[in-house]
Amino acid sequence: MEGDALCSIGELARRTGLTVKTIRYYSDRGIVAPAGRTPAGYRRYGADAATRLALVRTLRELGLGLDAIRRVVDRELTLGEVAAQHAAALDARIGVLRVRRAVLRAAVARGSRPEEIERMHRLAQLTESGRLRLIDGFLDAVLTDDRAPARHAAARRSMTPELPTDPTEEQVEAWVELAELSQDPDFRAGLRRAAEDHASDVPDTPADASAPPHPGVVAIVRDHATAAVDSGIAPESPEADRVVAALTAHCASALGRPDDGGLRRLLLQRLTTAHDPRRDRYLRLLALINDWPSPQPLAPALQWSVTALGKRAAG
């Protein structure tokens with residue numbers, strides 16, 4: 001189309017690669033109006049029609065609706081305004097699709113039954129306030145000691161997942177698994193017993209407010225047993241005797257009681273209660289959701305200690 005010459009709809013179709021039917025549809029919607037008509041009523045298009053159609057084609061491929069495209073080509077809205085609105089809509093859609101994909105992948109990995117998929121989907125779709133209510137209910141059930149408010153609040157913060165506004169697929173999968181784990185009655189009961197044991201180990205108020213937190217039995221044992229595990233000391237071996245002696249002496253000092261058979265039986269009971277691999281799993285999922293460093297697993301140290309104390313109690 002040269003100069004001000006008009007062309008037929010067929011010629012415009014050849015030049016743009018669009019079908020006559022498509023161009024006619026765009027014309028009827030007021031997006032690319034004809035510049036005039038022949039005496040017989042056939043549409044004729046001006047020099048700008050091909051340029052407008054090229055823009056329409058691009059915007060359609062980007063997913064914009066025809067009403068928005070008409071307003072852009074008629075300069076009722078700027079391209080930037082429409083693009084920003086469409087990008088926001090796509091972001092929301094991508095978020096929904098990411099959640100759906102995470103649920104489906106988790107279902108495949110677990111071989112989930114239909115009712116399990118429905119539950120996972122419901123958990124994944126929870127709003128921020130819904131997620132908070134679910135986790136608050138879990139923490140209310142397992143953290144019952146609030147004699148020291150600051151310590152209690154810190155414990156809740158350390159166990160609360162905060163899914164980002166734009167989570168990764170891995171974070172969505174982690175949230176679904178953590179949410180399911182938090183609703184497991186057996187897991188809740190075990191954590192509650194471990195939390196109660198820890199509360200009985202730690203004084204309500206430290207003698208010196210500036211002193212570091214008083215370690216509980218599990219923390220003391222973890223430090224001693226982790227070193228033994230890392231050194232390759234078998235819990236049944238004679239080399240483990242000195243490790244057991246050191247950890248029981250440390251616990252006796254922390255609890256203010258004699259280092260005797262009664263203490264060792266108490267430690268064995270406490271550590272058996274605390275030794276739940278699901279606790280490590282919860283903390284790994286929590287770190288992934290909150291983008292925290294991955295924690296060191298506790299289970300190896302607890303298993304080592306339970307075996308070592310059990311062998312010596314039997315002996």
Side-chain angles (χ1 to χ4, degrees), residues 84 87-110 112 116-117 119-143 145-146 148-184 187-188 190-192 194-195 198 212-213 215-216 218-219 222-223 226 229-230 274-302:
L90 283 176
D91 285 341
R93 180 64 176 166
I94 288 169
V96 170
L97 292 175
R98 183 183 290 133
V99 167
R100 291 178 181 174
R101 182 171 62 178
V103 170
L104 290 173
R105 287 190 171 178
V108 170
R110 303 182 195 181
S112 301
E116 293 173 325
I117 295 176
R119 184 175 65 252
M120 287 191 293
H121 182 61
R122 186 176 65 253
L123 292 172
Q125 297 283 47
L126 285 175
T127 62
E128 181 179 357
S129 60
R131 293 193 297 269
L132 185 59
R133 285 194 298 272
L134 184 144
I135 294 300
D136 277 346
F138 164 65
L139 295 178
D140 287 344
V142 301
L143 298 177
D145 177 58
D146 58 358
R151 188 175 67 218
H152 186 71
R156 292 184 73 95
R157 285 195 302 272
S158 71
M159 295 184 68
T160 299
E162 297 180 358
L163 196 65
T165 303
D166 185 23
T168 64
E169 183 176 325
E170 290 75 14
Q171 286 174 314
V172 173
E173 291 180 10
W175 158 252
V176 171
E177 184 178 347
L178 181 145
E180 288 193 304
L181 185 57
S182 73
Q183 304 307 297
D184 184 327
F187 178 61
R188 283 188 174 204
L191 275 188
R192 182 184 178 113
H198 176 73
V218 172
R222 176 199 62 207
D223 293 341
T226 296
V229 171
D230 292 344
H275 180 39
D276 184 348
R278 291 174 297 184
R279 176 178 176 177
D280 281 346
R281 184 60 182 167
Y282 182 96
L283 295 178
R284 284 197 296 273
L285 295 168
L286 178 68
L288 178 56
I289 294 168
N290 289 356
D291 198 23
W292 291 345
S294 183
Q296 183 179 28
L298 184 60
L302 291 180

How long is the straight-line distance from CG of Leu178 back to CG of Leu288, given to the nearest 0.5 Å? 10.0 Å
Within the side chain of Glu162, is there an N or O that forms a donor-acceptor pair under 3.5 Å with the backbone of Asn290? no
Shortest non-hydrogen contact from Arg188 to Phe138? NH2-CA, 3.4 Å
With sequence neighbours left out, the residues meeting side-chain hydrogen bond (donor to acceptor under 3.5 Å, both in side chains) with Arg281 are Glu177
Counterpart residues, side-chain hydrogen bond (donor to acceptor under 3.5 Å, both in side chains), relative to Ser294 (two or more places apart): none
For the residue pair Val218 and Ala274, what are the closest heavy atoms and their distance? CG2-CB, 3.8 Å
Any ion pair linking Arg192 and Asp140 (charged N to carboxylate O, less than 4.0 Å)? no
Evaluate the side-chain proximity of Leu163 to Glu128: yes if any heavy-atom separation is below 4.5 Å, no if none is. no
Note: Tyr282 and Met159 closest approach over all heavy atoms is OH-O, 2.6 Å
Measure the CG-OG1 distance between Leu132 and Thr127 for me, rounded to the nearest 0.5 Å. 9.5 Å
Can you spot which of Val142, Leu139, Ile135 makes a side-chain contact (heavy atoms from CB on, under 4.5 Å) with Arg156? Leu139
How close do Ala287 and Pro295 get, counting heavy atoms only, and between which atoms? CB-CD, 3.8 Å
